[in-house]
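Since this is a predicted model, take the numbers as computed values, not measurements. Just so you know, ligand 1 is whichever comes first in the structure, and atom 1 is the first atom listed for that ligand.
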Amino acid sequence: MPDPLLKVFRRIDLCFERGEGSWLYTEDGEAYLDFASGIAVNSLGHNHPHLVAAVKAQLDKLWHTSNLVRIPDGERLATRLTDACFADVAFFANSGGEANEAAVKMARRYHSAKGSPERYRIVTFAGAFHGRSLAMIAATGYAPYLEGFGPRVDGFDQVPLGDWDALEAAITPQTAAILLEPIQGEGGLHCLAPETLQRLRALCDEHGILLIFDEVQSGVGRTGKFFAYEWSSIEPDIATLAKGIGGGFPMGVCLATREAASGMTAGAHGTTFGGNPLAMSAGNAVLDIVLDQAFLDRVLETAQLLHDGLHRIAHDYPDIVAEVRGTGLLQGLQLHGETAPLVELLRIHRLLAVPARENVVRFAPPLTVLPEEIGDAIRRIEMTADLCRESQREKPGAQPISTNAALSVDPCALPANAGARL
Ligand SMILES: *Cc1c(COP(=O)(O)O)cnc(C)c1O
C-alpha cells in the first residue's frame, strides 16, 4: 500500500480507537496500559471528564480569533500560571519547540535592549532536547538531528553535563543565557540535583546572564511539583512548558519575569494560533486539576510506588537493568542492552513505554494513574524481564532480548485487572 506519510517516524503498526484514564483500546477492544502518555502529554489521562467538558463547551462557542484581539481565557490562564510560579508574564505558543524559540529570542533581546547586542549566545548541555526547529536542533546539539541540514544555526555552545570547568570556559562576554532541562527527558532521564541548579543560578547572577529552564517535559506536575525546579530553592528568569499543559491539546508557553521579558516589545515576536481559545480552555482545565495540592500529593504517592517497583526490578534483574533513572512520574530503567527490543516486549505485554537515549526505557504514565495501575505495570515489566531472561538462557550468547520468543506469549495470561476501569 502506498504510504503518503513522510517517513520521519519509525511508526509501530498499532493504532488506538479510544482511551479512558490510563488505558488505550484498539478497535478490537484490546486494552493497553499507557505509561507513555503520548510522550508525557496526556497529563490527565485519556477522556478526562473535566478536560473533555471544558474543551467541548469552548468548541460550541469560539475556536479562533487571533492575537489581534483580547482572549479572556488566555488572560486568565496567564494570570493563574504566573501566580503559581516565579514569572510575571506568559507567551502562548503551540508546541515545546516554539516555546523554547520564544525563550531564546527573549534572552537575546533582553541583552540587546540593554545595549549589549553582542550577547546572543546560549549555553546548553549535552544530552539536551529542546525541539526540532533549525535553532532548537542547534540548541539540542545532537548529531543525528543536525545531520544533513546545512550549517548549524549559530549562537549555541554546548558543554558536557556536570563539567563546571567547561561551563565556565563556555561563558564569554557574548553569552546571553544558560538553557537546560532540570530533568533531561529524551536524553535519558538525568536529574539535576538541587545544588547543581543553585550553582547554575549563582553562576548566571555572577555573569549577568539569564537562566532558562526547559520544563516542557518535567513541568505541569510530572515530578509532584508544578515545575521540577521547585525542588530546588532557586528560580529561573525564563521557563517553558508544553507537553502536559494542554492535556493532549497542542500548546506551549514561555513564562518569564518582567525584567527578563523587558526587551520583548510590541511587534518583537508573534504567533497566529498560539493562545487560541480552544487551547486556553484545555490549559485552564488542566490547571483546575493539577494546581490542587492534594492532586500533587497523590502524584508523589504513585511516583513512590513506581520508584519502589522499578528499584525492585533493578535488584531482581541485574543482568538486564543497569539502573533506575528519573523522578516523579518520569522514571525509567537504564538497560545493559538496547531498549527497542524490550519496549517491544513490553508492548506484547500490553504496556506502553517510550525509549530515551542512553538505553533508557522511560515510563511517563498519566498523572492520574491509580496505585493499582502502577502495580499492574510493574508486574508486566517483571513478566517481560522474565521472558528476556528465558530467551537468554535458551540461547546463551545470543542477543540478550529476543522478540521471537515473546510472540508466543498469550495476552490472556496477563494480570486479571487489565482494563478493569471500564
Ligand atoms: C518534547 C520536548 C520539546 C519539544 O516539544 P515539541 O512540542 O515537540 O516542539 C522541547 N523540550 C523538551 C524538554 C521536550 O521534552
- Query: Counting heavy atoms not belonging to W63, are there more than 12 under 6.0 Å from its CH2?
  - Reply: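 No, not enclosed.
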Sidechain N-carboxylate O distance under 4.0 Å for [X], [Y]:
X	Y	answer
D288	R80	yes
E259	K114	yes
D205	R201	yes
E382	R312	yes

- Message: For a quick check under 3.5 Å, do T265 and R109 share a side-chain donor-acceptor pair by atom type?
- Response: yes
[X] neighbourhood, listing ligand 1 atoms whose heavy-atom distance to it stays under 4.0 Å:
X	value
N100	10 (C), 11 (N)
K243	1 (C), 2 (C), 3 (C), 14 (C), 15 (O)
G97	4 (C), 5 (O), 6 (P), 9 (O)
F129	1 (C), 2 (C), 3 (C), 4 (C), 10 (C), 11 (N), 12 (C), 13 (C), 14 (C)
D214	10 (C), 11 (N), 12 (C), 13 (C)

If I apply the N/O under 3.5 Å rule, does [X] come out as touching ligand 1?
X	value
G131	no
V216	no
E98	no
Q217	yes

- Query: Counting heavy atoms only, which part of E181 comes closer than 4.0 Å to ligand 1: side chain, backbone, both or neither?
  - Reply: side chain
- Message: Please classify the S95 to ligand 1 contact at 4.0 Å (heavy-atom distances, strictly less than): side chain, backbone, both or neither.
- Response: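 Answer for S95: both.
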- Task: Give the intermediate values and the outcome of ring pair (Phe, Tyr, Trp, His ring centres under 6.0 Å) for residues H111 and Y120.
- Result: CA-CA 8 Å; H111 292 288; Y120 68 94; over 10 Å; no
- Write out the residue and atom name of the closest protein heavy atom to atom 7 (O) of ligand 1, then the distance separating them to 0.1 Å.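 Answer for atom 7 (O) of ligand 1: G96 N, 2.8 Å.
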- Message: In the complex you have, is atom 15 (O) of ligand 1 within reach of the protein, judged by whether a heavy-atom distance drops under 4.0 Å?
- Response: yes
- Nearest candidate to atom 10 (C) of ligand 1, where distance is taken over non-hydrogen atoms, out of E215, E101, H130, M136: H130
- Message: Within the structure provided, determine whether W231 and T327 are in side-chain contact (heavy-atom separation under 4.5 Å).
- Response: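 Side-chain contact under 4.5 Å: no.
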- Would you please classify the geometry between the H307 ring and the H311 ring as parallel, tilted or perpendicular, with 30° and 60° separating the classes? tilted
